[in-house]
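Shown next, in C-alpha coordinates, is the structure this report addresses.
In what follows, chains carry the letters A, B, and so on, assigned in the order in which the sequence lines appear, proteins first and then strands, with residues in each chain numbered from 1. Atoms considered below: every heavy atom in the structure, side chains included; atoms not considered: hydrogens, waters and symmetry mates.
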Amino acid sequence: MVLECKHVWEQISGYLDGSLDAETLEMVQKHLEHCEICSAILDSTRNILVLTADDRVFELPVDFSERLHARLEAEMIKEPGASSDA
Amino acid sequence: MTGSAEVRDEAALIAAILAGDTRHFHELIRPYERSVYVMAFSMLRNEAEAEDAAQEAFLKAFRKLNTFRADSKFGTWLISITLNEGRSRLRRRQIVKMDSLDTPAEEHCHVTPALLRDWREIPSEALERKEIRSLLRQAIDELPEIYREAFLLRNVEELSVNEAAEAIGISVGAVKVRLHRARMMLQKRLAPELKSMSPTKRRWFPWF
(Lines give C-alpha, C1' and ligand atoms only; values in the text may rest on other atoms or scores of the structure.)
Protein backbone atom coordinates (compact mmCIF):
# COMPACT_ATOMS: atom_id res chain seq x y z
CA MET A 1 0.00 0.00 0.00
CA VAL A 2 1.29 3.41 -0.95
CA LEU A 3 0.49 6.29 1.36
CA GLU A 4 -0.76 9.58 0.08
CA CYS A 5 0.61 12.79 1.58
CA LYS A 6 -2.51 13.53 3.58
CA HIS A 7 -2.26 10.12 5.23
CA VAL A 8 1.35 10.77 6.13
CA TRP A 9 0.40 14.08 7.78
CA GLU A 10 -1.87 12.16 10.12
CA GLN A 11 1.15 10.15 11.28
CA ILE A 12 3.65 12.97 11.83
CA SER A 13 2.89 13.42 15.52
CA GLY A 14 3.13 9.70 16.17
CA TYR A 15 6.31 9.56 14.10
CA LEU A 16 7.91 12.27 16.25
CA ASP A 17 6.83 10.45 19.43
CA GLY A 18 8.15 7.15 18.11
CA SER A 19 4.76 5.59 18.68
CA LEU A 20 3.93 4.27 15.19
CA ASP A 21 3.61 0.55 14.70
CA ALA A 22 6.32 -1.08 12.58
CA GLU A 23 4.21 -1.36 9.45
CA THR A 24 3.01 2.26 9.49
CA LEU A 25 6.50 3.48 10.34
CA GLU A 26 7.96 1.72 7.33
CA MET A 27 5.33 3.14 4.99
CA VAL A 28 5.85 6.64 6.36
CA GLN A 29 9.62 6.36 6.05
CA LYS A 30 9.37 5.15 2.46
CA HIS A 31 7.13 8.06 1.64
CA LEU A 32 9.42 10.58 3.32
CA GLU A 33 12.39 9.37 1.30
CA HIS A 34 10.91 10.68 -1.91
CA CYS A 35 8.45 13.37 -0.77
CA GLU A 36 10.00 16.75 -0.07
CA ILE A 37 6.72 18.30 0.95
CA CYS A 38 6.11 15.79 3.73
CA SER A 39 9.77 15.89 4.76
CA ALA A 40 9.53 19.65 5.12
CA ILE A 41 6.39 19.33 7.21
CA LEU A 42 8.10 16.80 9.42
CA ASP A 43 11.21 18.98 9.80
CA SER A 44 9.28 22.12 10.54
CA THR A 45 7.10 20.36 13.11
CA ARG A 46 10.17 18.89 14.76
CA ASN A 47 11.77 22.33 14.83
CA ILE A 48 8.77 23.71 16.67
CA LEU A 49 9.11 21.00 19.30
CA VAL A 50 12.81 21.81 19.69
CA LEU A 51 12.07 25.51 20.04
CA THR A 52 9.42 24.68 22.63
CA ALA A 53 11.94 22.61 24.58
CA ASP A 54 14.47 25.48 24.37
CA ASP A 55 11.94 27.89 25.78
CA ARG A 56 11.54 25.75 28.88
CA VAL A 57 15.03 26.60 30.02
CA PHE A 58 14.52 29.84 31.84
CA GLU A 59 15.40 31.10 35.27
CA LEU A 60 12.92 30.65 38.04
CA PRO A 61 12.07 33.89 39.85
CA VAL A 62 14.79 34.87 42.33
CA ASP A 63 14.19 33.20 45.72
CA PHE A 64 11.22 31.24 44.37
CA SER A 65 12.23 28.20 46.38
CA GLU A 66 12.77 30.14 49.61
CA ARG A 67 9.36 31.79 49.39
CA LEU A 68 7.69 28.48 48.55
CA HIS A 69 9.15 26.66 51.53
CA ALA A 70 8.47 29.58 53.86
CA ARG A 71 4.81 29.56 52.82
CA LEU A 72 4.56 25.80 53.18
CA GLU A 73 6.12 26.05 56.62
CA ALA A 74 3.64 28.71 57.67
CA GLU A 75 0.66 26.71 56.40
CA MET A 76 1.88 23.50 57.98
CA ILE A 77 2.07 25.18 61.36
CA LYS A 78 -1.52 26.35 60.94
CA GLU A 79 -2.74 22.89 59.99
CA PRO A 80 -0.16 20.35 61.13
CA GLY A 81 -2.34 17.28 60.69
CA ALA A 82 -4.08 18.36 57.54
CA SER A 83 -2.64 15.72 55.31
CA SER A 84 -3.54 12.79 57.54
CA ASP A 85 -7.06 13.66 58.61
CA ALA A 86 -8.35 15.34 55.45
CA MET B 1 28.55 11.87 47.18
CA THR B 2 27.41 9.61 44.40
CA GLY B 3 24.07 9.71 42.69
CA SER B 4 23.18 6.26 43.95
CA ALA B 5 23.56 7.42 47.54
CA GLU B 6 20.75 9.87 46.88
CA VAL B 7 18.12 7.48 45.68
CA ARG B 8 14.91 8.87 47.04
CA ASP B 9 12.34 6.71 48.62
CA GLU B 10 9.27 8.80 47.91
CA ALA B 11 6.91 6.19 49.27
CA ALA B 12 8.72 6.30 52.62
CA LEU B 13 8.70 10.11 52.65
CA ILE B 14 4.98 10.15 51.91
CA ALA B 15 4.28 7.57 54.62
CA ALA B 16 6.26 9.64 57.13
CA ILE B 17 4.37 12.82 56.21
CA LEU B 18 1.02 11.08 56.50
CA ALA B 19 2.11 9.75 59.88
CA GLY B 20 2.53 13.34 61.01
CA ASP B 21 6.14 14.20 60.28
CA THR B 22 5.22 16.94 57.87
CA ARG B 23 8.74 18.38 57.64
CA HIS B 24 9.52 15.72 55.06
CA PHE B 25 7.18 17.43 52.64
CA HIS B 26 9.89 19.98 51.89
CA GLU B 27 12.25 17.23 50.82
CA LEU B 28 9.54 15.38 48.90
CA ILE B 29 8.73 18.28 46.63
CA ARG B 30 12.20 19.74 46.07
CA PRO B 31 12.85 17.90 42.78
CA TYR B 32 9.52 19.11 41.36
CA GLU B 33 9.72 22.82 42.07
CA ARG B 34 10.88 23.66 38.61
CA SER B 35 8.44 21.49 36.67
CA VAL B 36 5.47 22.79 38.66
CA TYR B 37 6.51 26.41 38.14
CA VAL B 38 7.15 25.87 34.43
CA MET B 39 3.71 24.30 34.01
CA ALA B 40 2.05 27.17 35.86
CA PHE B 41 3.99 29.77 33.92
CA SER B 42 3.29 28.08 30.58
CA MET B 43 -0.41 28.27 31.31
CA LEU B 44 -0.56 31.73 32.88
CA ARG B 45 2.37 33.58 31.26
CA ASN B 46 2.75 35.81 34.28
CA GLU B 47 5.60 35.34 36.76
CA ALA B 48 3.85 36.52 39.89
CA GLU B 49 0.69 34.57 39.21
CA ALA B 50 2.61 31.48 38.19
CA GLU B 51 4.55 31.61 41.45
CA ASP B 52 1.36 31.91 43.46
CA ALA B 53 -0.27 29.11 41.47
CA ALA B 54 2.77 26.89 42.03
CA GLN B 55 2.62 27.56 45.79
CA GLU B 56 -1.09 26.77 45.83
CA ALA B 57 -0.52 23.56 43.90
CA PHE B 58 2.06 22.39 46.43
CA LEU B 59 -0.23 23.33 49.31
CA LYS B 60 -3.10 21.41 47.75
CA ALA B 61 -0.80 18.45 47.28
CA PHE B 62 0.09 18.65 50.97
CA ARG B 63 -3.51 18.89 52.06
CA LYS B 64 -4.68 15.96 49.97
CA LEU B 65 -1.58 13.82 50.09
CA ASN B 66 -3.65 11.06 51.64
CA THR B 67 -5.52 10.73 48.34
CA PHE B 68 -2.33 10.10 46.37
CA ARG B 69 -2.25 6.58 44.98
CA ALA B 70 1.09 4.90 44.65
CA ASP B 71 0.21 3.48 41.25
CA SER B 72 0.84 6.91 39.74
CA LYS B 73 4.07 8.83 39.80
CA PHE B 74 4.15 11.58 42.40
CA GLY B 75 5.46 14.02 39.79
CA THR B 76 2.57 13.31 37.42
CA TRP B 77 0.09 13.74 40.27
CA LEU B 78 1.63 17.10 41.16
CA ILE B 79 1.44 18.27 37.56
CA SER B 80 -2.20 17.22 37.43
CA ILE B 81 -2.90 19.40 40.49
CA THR B 82 -0.97 22.25 38.87
CA LEU B 83 -2.98 21.85 35.68
CA ASN B 84 -6.22 22.21 37.65
CA GLU B 85 -4.89 25.22 39.53
CA GLY B 86 -3.88 26.84 36.25
CA ARG B 87 -7.27 26.10 34.70
CA SER B 88 -9.22 27.66 37.53
CA ARG B 89 -7.05 30.78 37.43
CA LEU B 90 -7.52 31.14 33.70
CA ARG B 91 -11.26 30.95 34.23
CA ARG B 92 -11.12 33.45 37.08
CA ARG B 93 -9.11 35.84 34.95
CA GLN B 94 -11.70 35.33 32.25
CA ILE B 95 -9.06 35.00 29.65
CA VAL B 96 -10.19 31.60 28.54
CA LYS B 97 -10.59 32.26 24.91
CA MET B 98 -14.00 32.13 23.32
CA ASP B 99 -12.81 29.33 21.10
CA SER B 100 -12.89 26.98 24.05
CA LEU B 101 -16.66 27.23 23.81
CA ASP B 102 -16.69 25.97 20.29
CA THR B 103 -13.69 23.71 20.31
CA PRO B 104 -14.20 21.44 17.34
CA ALA B 105 -15.40 17.92 18.09
CA GLU B 106 -12.43 15.63 18.45
CA GLU B 107 -13.24 13.41 15.53
CA HIS B 108 -14.14 16.04 13.00
CA CYS B 109 -11.20 18.32 12.84
CA HIS B 110 -8.47 17.83 10.31
CA VAL B 111 -5.64 20.26 10.29
CA THR B 112 -3.92 20.69 6.99
CA PRO B 113 -0.26 21.54 7.51
CA ALA B 114 1.51 24.45 5.87
CA LEU B 115 3.13 23.26 2.67
CA LEU B 116 6.63 24.55 2.35
CA ARG B 117 8.19 23.49 -0.89
CA ASP B 118 11.04 25.86 -0.28
CA TRP B 119 11.62 25.11 3.40
CA ARG B 120 15.31 24.57 2.65
CA GLU B 121 15.69 27.68 0.53
CA ILE B 122 15.77 30.38 3.08
CA PRO B 123 15.01 34.02 2.37
CA SER B 124 16.82 36.80 4.09
CA GLU B 125 14.60 38.24 6.79
CA ALA B 126 16.12 37.72 10.24
CA LEU B 127 14.13 37.16 13.37
CA GLU B 128 15.74 37.62 16.71
CA ARG B 129 15.60 34.72 19.07
CA LYS B 130 13.31 36.54 21.43
CA GLU B 131 10.94 37.29 18.59
CA ILE B 132 10.84 33.60 17.87
CA ARG B 133 10.13 32.88 21.52
CA SER B 134 7.37 35.42 21.51
CA LEU B 135 5.86 34.02 18.30
CA LEU B 136 6.02 30.54 19.73
CA ARG B 137 4.44 31.48 23.05
CA GLN B 138 1.68 33.39 21.36
CA ALA B 139 0.89 30.49 19.05
CA ILE B 140 0.79 28.07 22.00
CA ASP B 141 -1.37 30.45 24.04
CA GLU B 142 -3.86 30.68 21.21
CA LEU B 143 -4.35 26.95 20.80
CA PRO B 144 -7.77 25.74 21.92
CA GLU B 145 -7.47 24.80 25.59
CA ILE B 146 -7.68 21.03 25.25
CA TYR B 147 -4.94 20.99 22.63
CA ARG B 148 -2.75 23.43 24.54
CA GLU B 149 -2.91 21.34 27.69
CA ALA B 150 -1.91 18.15 25.91
CA PHE B 151 0.92 19.96 24.15
CA LEU B 152 2.27 21.57 27.34
CA LEU B 153 2.21 18.30 29.26
CA ARG B 154 4.01 16.39 26.53
CA ASN B 155 6.35 18.96 25.00
CA VAL B 156 7.02 21.33 27.86
CA GLU B 157 6.71 19.03 30.86
CA GLU B 158 7.99 16.08 28.85
CA LEU B 159 5.49 13.68 30.33
CA SER B 160 5.01 10.48 28.38
CA VAL B 161 1.78 10.17 26.41
CA ASN B 162 0.48 7.82 29.11
CA GLU B 163 1.37 10.22 31.91
CA ALA B 164 -0.23 13.12 30.07
CA ALA B 165 -3.39 11.03 29.73
CA GLU B 166 -3.33 10.36 33.45
CA ALA B 167 -2.73 14.02 34.32
CA ILE B 168 -5.67 15.19 32.22
CA GLY B 169 -7.85 12.21 33.03
CA ILE B 170 -8.52 11.09 29.45
CA SER B 171 -7.57 8.08 27.36
CA VAL B 172 -4.17 7.63 25.74
CA GLY B 173 -5.83 7.65 22.34
CA ALA B 174 -7.47 10.99 23.06
CA VAL B 175 -4.14 12.48 24.13
CA LYS B 176 -2.55 11.33 20.88
CA VAL B 177 -5.32 12.96 18.87
CA ARG B 178 -5.03 16.23 20.81
CA LEU B 179 -1.26 16.24 20.51
CA HIS B 180 -1.43 15.68 16.81
CA ARG B 181 -3.90 18.52 16.33
CA ALA B 182 -1.86 20.84 18.55
CA ARG B 183 1.34 20.16 16.67
CA MET B 184 -0.24 20.50 13.26
CA MET B 185 -1.90 23.75 14.27
CA LEU B 186 1.45 25.09 15.47
CA GLN B 187 3.17 23.92 12.30
CA LYS B 188 0.55 25.57 10.16
CA ARG B 189 0.78 28.80 12.08
CA LEU B 190 4.51 28.99 12.72
CA ALA B 191 6.30 27.25 9.89
CA PRO B 192 5.71 30.02 7.34
CA GLU B 193 7.01 32.61 9.82
CA LEU B 194 9.99 30.61 11.02
CA LYS B 195 10.91 29.81 7.45
CA SER B 196 11.82 33.41 6.92
CA MET B 197 14.66 33.30 9.42
CA SER B 198 18.11 34.04 8.11
CA PRO B 199 20.66 31.23 7.83
CA THR B 200 22.69 32.57 10.75
CA LYS B 201 19.66 32.40 13.00
CA ARG B 202 19.02 28.87 11.91
CA ARG B 203 22.26 27.47 13.23
CA TRP B 204 20.39 26.05 16.18
CA PHE B 205 18.30 24.00 13.84
CA PRO B 206 20.61 21.08 13.30
CA TRP B 207 18.60 19.68 10.44
CA PHE B 208 19.67 22.06 7.76
Side-chain angles (χ1 to χ4, degrees), chain A residues 5-21 32 35-86, chain B residues 17-20 22-23 25-26 29-30 33-34 37-38 41-42 47-48 50-51 54-55 58-59 62-67 110-120 132-133 136-137 140 151 154-156 158 161 176 179-184 186-187 190-191 194-195 204-208:
Chain A
C5 290
K6 64 180 178 185
H7 295 129
V8 171
W9 302 342
E10 291 299 312
Q11 306 301 335
I12 281 179
S13 184
Y15 184 91
L16 290 169
D17 276 333
S19 64
L20 300 183
D21 61 70
L32 288 169
C35 180
E36 287 206 10
I37 293 174
C38 290
S39 297
I41 291 168
L42 176 69
D43 286 343
S44 54
T45 308
R46 188 191 274 132
N47 282 341
I48 288 162
L49 303 191
V50 170
L51 288 171
T52 302
D54 279 358
D55 190 32
R56 187 179 49 216
V57 187
F58 55 78
E59 295 292 320
L60 264 53
V62 178
D63 296 333
F64 168 81
S65 189
E66 286 74 6
R67 286 192 296 276
L68 168 65
H69 288 278
R71 182 162 172 204
L72 287 172
E73 194 65 45
E75 298 283 340
M76 284 175 188
I77 288 166
K78 271 195 272 176
E79 43 185 330
S83 62
S84 49
D85 57 29
Chain B
I17 297 160
L18 291 176
T22 56
R23 291 167 305 163
F25 191 70
H26 295 286
I29 63 162
R30 232 172 258 283
E33 290 175 15
R34 181 173 187 90
Y37 177 82
V38 167
F41 182 77
S42 300
E47 273 197 15
E51 177 165 348
Q55 290 181 358
F58 283 119
L59 276 171
F62 173 67
R63 291 183 184 127
K64 58 183 200 175
L65 190 61
N66 62 330
T67 68
H110 288 277
V111 184
T112 308
L115 305 178
L116 302 163
R117 288 171 192 281
D118 58 347
W119 176 247
R120 288 174 180 77
I132 293 166
R133 165 185 278 198
L136 177 68
R137 287 186 176 180
I140 293 171
F151 182 79
R154 180 79 183 98
N155 288 107
V156 176
E158 293 192 306
V161 170
K176 287 182 179 174
L179 263 180
H180 174 71
R181 303 259 162 80
R183 289 163 170 176
M184 289 299 103
L186 291 174
Q187 191 274 352
L190 290 170
L194 296 177
K195 181 168 76 77
W204 25 277
F205 288 164
W207 299 279
F208 300 102

Output the distance between atom [atom1] ([X]) and atom [atom2] ([Y]), rounded to the nearest 0.5 Å.
X	Y	atom1	atom2	value
B/Phe62	A/Leu72	CZ	CG	8.0 Å
A/Phe64	B/Glu33	CZ	CD	6.0 Å
A/Leu49	B/Leu186	CG	CG	8.5 Å
A/Met76	B/His26	CE	NE2	4.5 Å

Could you pull out the closest heavy-atom pair between B/Arg34 and A/Arg56, with the gap in Å?
NH2-O, 3.1 Å
Where is the tightest heavy-atom contact between A/Phe58 and B/Arg137, given as atom of each residue plus distance?
CD2-NH2, 4.1 Å
Considering residues at least two apart in sequence or located in another chain, which fulfil the side-chain contact (heavy atoms from CB on, under 4.5 Å) criterion with A/Asp17?
A/Ser13, A/Ser19, B/Arg154, B/Val161, B/Leu179, B/Arg183
Contacts of B/Glu47 meeting side-chain contact (heavy atoms from CB on, under 4.5 Å) (sequence neighbours excluded), chain-then-number -> A/Pro61, B/Tyr37, B/Phe41
A/His69 side chain reached by B/Arg30 side chain, heavy atoms, under 4.5 Å:
yes
Would you say A/Arg71 and B/Glu51 make side-chain contact, with heavy atoms under 4.5 Å?
no
Of B/Ile140, B/Asn155, B/Leu190, the one forming a side chain to side chain contact (heavy atoms under 4.5 Å, CB included) with A/Ile48 is B/Leu190
Partner chain A: residue of B/Thr67, B/Val38, B/Leu136 with the largest heavy-atom pair count (under 4.5 Å)
B/Leu136
Quick one: of B/Lys176, B/Arg23, B/Glu158, who has the most non-hydrogen atom pairs under 4.5 Å with chain A?
B/Glu158
